[in-house]
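All remarks here apply to the structure that follows.
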Amino acid sequence: MGGNAPTPTDRIRNVLLVGHGGTGKTTLAETMMATAGTDVRGGLFDFEPEERDKGHSMSLAVASFEWRGHKVNLLDCPGSADFLGDAFPALRAADVALFVVDATAGVQAQHDQLWEACEAIGLPRIVFVNKLDKDNAHYQPILDALRERAGKAVAPVLMPVAGGELSGVIDLLHFTAVQKVDGQRVESEVPPGMEEVARRNRDALVEAIVEVDDALLERYLEGEIPEPKELAECFAHGVATSSFFPVLCGSATQAIGHRLLMDFIVEECPPPAAEPGGPLALYVAKTLSDPFVGRINVLKVLSGTLRQDAHAIDARTGADLRLHQLFALQGKEQAPVTEVSAGDLVAVAKLDDVCTGDVLAEKGASAEVERVAPPEPFHRVALEPTSAGDEDKLSSALARIAEEDPSLRVERDAETHQLVLRTYGPGHVELTLARMQRKFGVSVRQVPLRLRYRETLRGAATGVGRHVKQSGGHGQYGVCTIEVEPLPRGEGFVFADRIVGGVIPGTYIPSVEKGVRDTMAHGVLAGYPVVDVKVTLVDGKTHSVDSSDMAFQMAGSLAFRDAADKAGMCLLEPVMEVGVVIPDALTGDVMGDLSSRRGRILGTEPAGPGRTTVRAQVPEAELTSYVAELRSLSSGSGSVTLRYDHHAEVPDNIARKIVEAASAAT
């Protein structure tokens, strides 16, 4: 190792740092790197201007350090619910996930969400309980909560030395205290006042370890306690097979427990499941847009050896790519490399149309990586450029930002003609717009989101349309009579011809229908499309000279307006099916909140240990800011899914305001 030489696969560790925002993931990463001799002054990971302004991670960052003959690649994921999307594609680039838990806050929402994602793909997990130096820190309740959520496979390997300030940790396997005394690492016996709780935790550790090995389990059940050396030999296998989830602890800011964590990573965590001698295959874990270098892709080498100027085929597009500029990332710093071995991470510049989640392989070879899709974003905002000059650049900038952030969704609503951005919340929107301005010079503003209201008839009626203009020369003559009636919701539009005796020639009947359809498309009440209507053409008159296609289109339009006025119109609003997953204790609060939004509660169902799913139907107008409001109501522990269900009649008092607003806008 060292220099520009590639690191052997078995000496690589790819570690994804995950957890809730504010747990100290980035601080822990920089503490480990500083201990390994890396200069982290000025901050290594949170280097984007927006991250420095806010003081926390907003996108995936990559850096590496060497420890005891191993290369450790750290992928530092943002923890805020607004920026969680980066974590999911990165799971496929990691070989172990390190969950950082704040000892003052306990297990939080993002922990559960990402733990489930790791569980789904069998990614090994370890836990580091951080901030144990704080006055309000608690270790044992957090350990108990972790075991309640994920079972007895979650087992303590380290626990803090209690009493006064945090001075060290207890190595439960060897039952010794490891402390800092005058800056030196000192091993001693477990403090007498902590022996009982330490013994209980060690028993939990032993029980978790013996489950990994049938022979040890049999001896344990017969009353024999295996020696620490025998137990330690099971650590790596237990971690690699996700049958053992070790819990370590300490304080990143006080540099306590982090060396033991670093040792554990290189000794017990699995190397990449990569094939050094196989054909070249690469996975794109992250796409970045650098204002100077351009597009940068962070790749994991799945098999083979990647050398500068190698060629690979993008399985998604079929494009033949030349991987010219290779470099290692240390935060925002880029160090050129010429060769990368299987299992390692590398960044490549100037790969056009290569996106996060893509798989690249040498010609004639194939590689498959099942995507880990981020959760769907449900916070919707409408955007428009602040100036005409930004109009042309807007779509291009949004497309490039979406390549960098695969959790974004950009849609052009064909009905409302708005450009709609779907995100995880207001903070996600703010970051996206700030990056568009900074990286691409495109300024946009949020505008009110237009909902897809509909109009329909209240009853049946007959309408007459008369378009007659005869003022010398060629005139216009079209007269028709129609009957209208409402149809059941979702039935759409039906046009029937009941003309007898040829009072309207067959060539003009489609003209009447076209006039009716055009008026329905533009609305009668408030400018929204009219739906679920049957129109029957029953009578009419023509003129041998002045009748025309356009005359009967106008007659059809006038006839529909006349009939709609007589039948009465009502406004329909989109109603969403809502699924809210929250802790059991918040079920009543969430149901009450949804009811206050004119929602109809459909029921509840279990959603895992201690969690409930509340299902309801709620008008979309009441949900425009629901993602952020649920986060506030549930302290970040709730999640929501939204799906269009049907349109329903708007209450009269609300409909009047919508109609008045539409009238004022025209």
Side-chain angles (χ1 to χ4, degrees), residues 20 79-85 87-88 91 107-121 148-150 371-381 406-409 411 413 420-429 449 451-453 489-490 572-648 650:
H20 201 281
S80 167
D82 271 345
F83 314 114
L84 200 59
F88 292 85
L91 293 173
V107 182
Q108 295 168 285
Q110 273 62 61
H111 172 282
D112 291 334
Q113 195 172 8
L114 287 168
W115 190 276
E116 290 173 4
C118 292
E119 185 75 25
I121 64 171
E148 181 180 350
R149 281 168 160 82
R371 288 178 177 245
V372 184
E376 279 294 308
F378 291 106
H379 182 76
R380 299 170 68 227
V381 294
S407 62
L408 288 175
R409 301 289 183 272
E411 304 160 347
D413 193 312
V420 177
L421 183 68
R422 287 201 283 131
T423 71
Y424 288 148
H428 198 186
V429 175
L449 187 69
L451 302 184
R452 297 180 178 184
Y453 289 106
R489 295 284 180 266
L572 303 176
E573 63 181 343
V575 176
M576 311 297 286
E577 182 179 300
V578 181
V580 184
V581 180
I582 30 80
D584 293 341
L586 295 175
T587 302
D589 292 340
V590 168
M591 292 173 68
D593 180 64
L594 291 173
S595 295
S596 72
R597 299 172 185 269
R598 299 189 284 127
R600 182 169 72 91
I601 305 299
L602 301 178
T604 62
E605 57 193 55
R611 297 178 74 77
T612 296
T613 298
V614 177
R615 302 206 176 276
Q617 291 178 344
V618 186
E620 186 180 15
E622 304 288 342
L623 297 171
T624 54
S625 58
Y626 186 65
V627 170
E629 289 163 357
L630 173 65
R631 197 172 294 157
S632 176
L633 174 66
S634 64
S635 299
S637 63
S639 62
V640 63
T641 58
L642 303 173
R643 182 183 66 83
Y644 168 76
D645 191 78
H646 66 283
H647 271 73
V650 180

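The first residue of the sequence shown is numbered 1, and numbering continues consecutively from there.
- Closest non-hydrogen pair, Pro574 versus Arg452, comes out as CD-O, 3.6 Å.
- With rounding to the nearest 0.5 Å, the separation of OG1 in Thr613 from CD in Glu605 is 5.0 Å.
- The shortest distance between side-chain heavy atoms of Pro377 and Leu408 does not fall below 4.5 Å.
- Pairing each heavy atom of Val381 with each of Leu449, the nearest pair is C-CD1, 4.2 Å.
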>> Show, in sequence, the C-alpha distance, side-chain angles and deciding distance for Val575 and Arg600, and conclude whether the side-chain contact (heavy atoms from CB on, under 4.5 Å) test is met.
In response: CA-CA 10 Å; Val575 176; Arg600 182 169 72 91; over 6 Å; no
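- Residues Arg615 and Gly579 approach most closely at NH1-CA, 3.9 Å, considering heavy atoms.
- Note: Arg422 CZ to Leu642 CG = 9.5 Å, rounded to the nearest 0.5 Å.
- Side-chain atoms of Pro375 and Phe88, non-hydrogen and from C-beta on, do get closer than 4.5 Å to each other.
- Interatomic distance, His647 NE2 to Glu620 CD, rounded to the nearest 0.5 Å: 8.0 Å.
- Of all heavy-atom pairs between Tyr453 and Ala621, the closest is OH-CB, 3.8 Å.
- Taking CG of Asp112 as the start and OG of Ser639 as the end, the distance is 10.0 Å to the nearest 0.5 Å.
- A pairwise comparison of heavy atoms in Leu91 and Cys118 identifies CD2-SG, 3.8 Å as the closest pair.
- Between atom CD of residue Glu622 and atom CG of residue Leu594 there is a gap of 10.5 Å, rounded to the nearest 0.5 Å.
- Minimum interatomic distance between Met576 and Tyr644 (heavy atoms only, all atoms of both residues): CE-N, 3.4 Å.
- Taking a 6.0 Å sphere around CD of Glu411, one finds it holds more than 12 heavy atoms contributed by other residues, nucleotides or ligands.
- Asp645 is linked by a salt bridge (charged side-chain N to carboxylate O under 4.0 Å, His left out) to Arg643, counting only residues two or more places apart in sequence or in another chain.
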>> Tyr626 vs Asp593, test: side-chain contact (heavy atoms from CB on, under 4.5 Å). Steps then yes/no.
In response: CA-CA 10 Å; Tyr626 186 65; Asp593 180 64; 3.3 Å; yes
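- Annotation: the span from Ile582 atom CD1 to Thr587 atom OG1 amounts to 3.5 Å, rounded to 0.5 Å.
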For residues 627-634, run the donor-acceptor check on the side chains, cut-off 3.5 Å, and write out each pair with its distance to 0.1 Å, sequence neighbours left out.
from: Glu629; atom 1: OE1; to: Arg597; atom 2: NH1; distance (Å): 3.0
from: Glu629; atom 1: OE1; to: Arg597; atom 2: NH2; distance (Å): 2.6
from: Glu629; atom 1: OE2; to: Ser625; atom 2: OG; distance (Å): 2.6
from: Arg631; atom 1: NH1; to: Asp82; atom 2: OD1; distance (Å): 2.7
from: Arg631; atom 1: NH2; to: Tyr424; atom 2: O; distance (Å): 2.6
from: Ser634; atom 1: OG; to: Leu630; atom 2: O; distance (Å): 2.8
from: Ser634; atom 1: OG; to: Ser637; atom 2: N; distance (Å): 3.4
from: Ser634; atom 1: OG; to: Gly638; atom 2: N; distance (Å): 2.9

